[in-house]
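Written below as structure tokens is the structure these notes are about.
Start at 1 and go down the list; that is how both ligands and their atoms are numbered. Computed from heavy atoms alone, side chains included, the values below leave out hydrogens, waters and symmetry copies. Keep in mind it's a predicted model, so treat the numbers as computed, not measured.
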Amino acid sequence: MVYTGRFAPSPTGPLHFGSLLAALASYLDARAHNGHWLVRIEDLDTPRVVKGATDSILYALEQFGFEWHGPVIRQSDRLAIYNDVLTELLSHQLAYPCNCSRQQIRQRTGGSHYDGYCHSHPPQSSHCAIRSICSQHYSFDDLIQGPQPAIGQNEDFVIFRRDGFFAYQLAVTVDDAAQQINHIVRGSDLLDSTPKQIHLQQQLGYPQPIYAHIPVATNTQGQKFSKQTLAPALDAHQARQQIIRALVFLGQQPVAELNDCRLDECLAWAIEHWDINAIPKRMGIILEDN
Ligand code: GLU
């Protein structure tokens, strides 16, 4: 089976250093295994999608020397597929409608943990979220973060939002299976999502990919480097320098000669010397703001 990895950005802003790390780590791991690397645009959360961001991310990836396999898939083109899966889960009684507001959940439980109320009290209204029934805990082995025990509270989680959007957990699980992704390298801010995705894989009879969660870059205030914290867009004129900076962050040891070579030579060196075991585990490494 050919190694198939992916980079799945949400087009909520331009490519920044945090997303470059996920792109680079997933790319190098795929290329070091002679595998395929796919790009998927996760543009389901329409209110957060920024006009022009998809094109700007794809352009930046090109400028940074990434080459992807096959066409770029956009989740907004796949709503009918998610709808079929949702219908399947509902018809097998693996999911149920829920119209509880956050406030109602808080009043009943004192927190945000969902208590399964609508499973035993089916709502009458049509304006509902859909939750996946999840009564099990899942453990998995992460190539970077190590064994992840089946702990924490499990709850029936949302796979279709009350505001009418398919939830990330459903779309990502369906797409990873449809694209035959067997290796997922992404930021460790998504570590908590992985058991939910494994749960859906099991409900839907999909194979489970191998996971590797890289540390998340933070700014000097300890906030995740992201579009929300206004991480600056990357300057494509500095592509090689940014790739070297990302390699250092990922625990690789770029040699000094890379400072004087072309971008493609730099990436070729990085593929050849890629060592996933050298990636630091810990989260929240502080970077200089730039
Ligand atoms: N679209 C998600 C993000 O940009 C990443 C999803 C994933 O890698 O599973 O944060």
**OP:** Return yes if a side-chain donor-acceptor contact under 3.5 Å exists between R78 and Q75, otherwise no.
**Re:** no

**OP:** Determine whether any heavy atom of R6 lies closer than 4.0 Å to an atom of ligand 1.
**Re:** yes

**OP:** Answer yes if the side chains of S26 and H183 hold a donor-acceptor pair under 3.5 Å, and no otherwise.
**Re:** no

Original post:
Short list, please: which atoms of ligand 1 are under 4.0 Å from a heavy atom of R186?
Top reply: 7 (C), 8 (O), 9 (O)

Original post:
Any N or O on A8 sitting closer than 3.5 Å to an N or O of ligand 1?
Top reply: yes

Original post:
What atoms of ligand 1 come closer than 4.0 angstrom to any heavy atom of V172?
Top reply: 9 (O)

Original post:
Is the ring centre of F140 less than 6.0 Å from the ring centre of Y211?
Top reply: yes

Subject >> Side chains of T194 and R186, donor plus acceptor under 3.5 Å >> reply: yes

Original post:
What atoms of ligand 1 come closer than 4.0 angstrom to any heavy atom of E42?
Top reply: 1 (N), 2 (C), 5 (C), 6 (C)

Original post:
Looking at S10, which atoms of ligand 1 are within less than 4.0 Å of one of its heavy atoms?
Top reply: 1 (N), 2 (C), 3 (C), 4 (O)

Subject >> Any Y168 heavy atom less than 4.0 Å from ligand 1 >> reply: yes

**OP:** Please confirm whether Y138 and H199 have ring centers closer than 6.0 angstrom.
**Re:** yes

Original post:
Is it the case that R131 places NZ or CZ above or below the six-membered ring of Y96, under 6.0 angstrom from the centre and within 45 degrees of the axis?
Top reply: no

Subject >> ligand 1 atoms in contact with L190 (distance to a heavy atom under 4.0 Å) >> reply: 5 (C), 6 (C), 7 (C), 8 (O), 9 (O)

